[in-house]
Amino acid sequence: MTSLYNKGFRSVYSLAAHIVFVTKYRKKVINKDIHSRLATIFDETCSKWETTLLEFNGEDDHVHLLIRYHPQIELSKFIANLKTVSSRLIRKEFGDYLDKIYCKPVFWTGSYFVASCGGVTVEQLKKYVEQQATPE
């Protein structure tokens, strides 16, 4: 059971997040080659940030990432970096294809979805905390 947790200098943690990126104007531009390249880009970027890409998949207009990260990561900055790096590289490598679809140098929408995820629900945690013995 201890393998489910990571250990830091003064912490024990298990942090995971589900992230979704959507293409600009929800255009169906992600083909097999772009999907494959995104998987590599996200994996390499995660390694640079000392995070782990647990799972990656998507469809022609959006992608899902499941990551594991440590408490020192500022998730919003990490996500911004994932979007920036992937957009820049995809536009560079697939420019001829994307120029036919977008008239500006864009790839992702400005927004994203992120949700923390783990082994228990908020309701289960609330019950656990409620059941703690209050000091008298």
Side-chain angles (χ1 to χ4, degrees):
M1 187 161 203
T2 56
S3 64
L4 298 176
Y5 298 101
N6 297 310
K7 292 180 181 167
F9 179 64
R10 294 184 185 210
S11 62
V12 178
Y13 59 92
S14 176
L15 299 172
H18 173 210
I19 302 167
V20 179
F21 298 149
V22 178
T23 59
K24 189 76 168 177
Y25 310 119
R26 199 99 192 193
K27 296 280 188 178
K28 298 179 182 307
V29 297
I30 301 174
N31 58 28
K32 185 178 179 179
D33 293 334
I34 290 176
H35 185 275
S36 176
R37 183 65 179 122
L38 284 170
T40 303
I41 292 168
F42 290 140
D43 190 50
E44 290 171 355
T45 305
C46 284
S47 294
K48 289 177 184 174
W49 279 74
E50 297 179 8
T51 63
T52 305
L53 182 62
L54 299 174
E55 194 66 46
F56 169 78
N57 210 342
E59 297 181 12
D60 51 9
D61 63 353
H62 70 279
V63 294
H64 295 261
L65 296 87
L66 182 59
I67 61 153
R68 186 172 309 279
Y69 63 101
H70 55 82
Q72 291 80 19
I73 294 291
E74 290 184 57
L75 206 49
S76 61
K77 287 184 179 178
F78 170 66
I79 290 171
N81 187 254
L82 280 174
K83 288 178 69 179
T84 300
V85 169
S86 60
S87 178
R88 180 177 42 80
L89 292 174
I90 291 298
R91 284 185 288 117
K92 179 181 176 184
E93 296 171 25
F94 297 91
D96 293 340
Y97 167 70
L98 292 173
D99 287 345
K100 295 173 187 170
I101 299 157
Y102 296 118
C103 58
K104 295 182 180 178
V106 296
F107 190 71
W108 302 119
T109 62
S111 59
Y112 60 87
F113 168 85
V114 63
S116 60
C117 49
V120 296
T121 65
V122 173
E123 289 76 26
Q124 291 170 321
L125 285 172
K126 281 176 70 176
K127 279 185 181 178
Y128 176 76
V129 172
E130 288 171 359
Q131 293 172 355
Q132 298 299 298
T134 304
E136 295 182 25

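Since we're looking at a predicted model, the values are computed, not measured.
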* Carefully, step by step, assess R68 and N6 under the rule side chain to side chain contact (heavy atoms under 4.5 Å, CB included). => CA-CA 10 Å; R68 186 172 309 279; N6 297 310; 3.7 Å; yes
* To do: Could you please spell out the steps behind the side chain to side chain contact (heavy atoms under 4.5 Å, CB included) verdict for I34 and N31?
  => CA-CA 5 Å; I34 290 176; N31 58 28; 3.4 Å; yes
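Rounding to the nearest 0.5 Å gives a distance of 9.0 Å between NE2 of H62 and NZ of K28. Going from atom CG of L38 over to atom OG of S87 covers 9.5 Å, rounded to the nearest 0.5 Å. Put simply, CD1 on I67 and NE2 on H18 are 11.0 Å apart, with the number rounded to the nearest 0.5 Å.
The shortest side-chain heavy-atom distance between I30 and F107 falls under the 4.5 Å cut-off. Residues E55 and H64 form no side-chain contact, since every pair of their non-hydrogen atoms from C-beta on lies 4.5 Å or further apart.
At a cut-off of 3.5 Å, with distance as the only test, a side-chain donor of H35 or N57 sits close to an acceptor on the other residue.
Under the 4.5 Å side-chain contact rule for hydrophobic residues, L82 and V85 share a cluster. Following chains of ILVMFWY side-chain contacts shorter than 4.5 Å, one cannot reach V106 starting from V20, and the two form parts of different hydrophobic clusters. The hydrophobic clustering, which links ILVMFWY residues whose side-chain heavy atoms are closer than 4.5 Å, places Y25 and I101 together. There is a path of hydrophobic side-chain contacts, each under 4.5 Å, that joins Y112 to L15.
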Using residues 74-81 as the side-chain source, report each donor-acceptor pair under 3.5 Å to any protein atom, sequence neighbours left out, with the distance given to one decimal.
| residue | atom | partner | partner atom | Å |
| --- | --- | --- | --- | --- |
| N81 | OD1 | W49 | NE1 | 3.0 |

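Sparse packing is recorded around CD of E50, with 12 or fewer heavy atoms of other residues, nucleotides or ligands lying under 6.0 Å away.
In this structure, K83 contributes its side chain and T109 its backbone to a donor-acceptor pair below 3.5 Å. Although no hydrogens or angles enter the test, the distance criterion places no donor-acceptor pair under 3.5 Å between the side chain of T51 and the main chain of Y69.
F21 and F42 have tilted rings, their planes meeting at an angle from 30° to 60° on a 0 to 90° scale.
When every heavy atom of A39 is checked against every heavy atom of L53, the shortest pair comes out as O-CD2, 4.1 Å.
Among residues at least two apart or in separate chains, side chain to side chain donor-acceptor pair (under 3.5 Å) pairs with a member in residues 96-108 are S86-W108.
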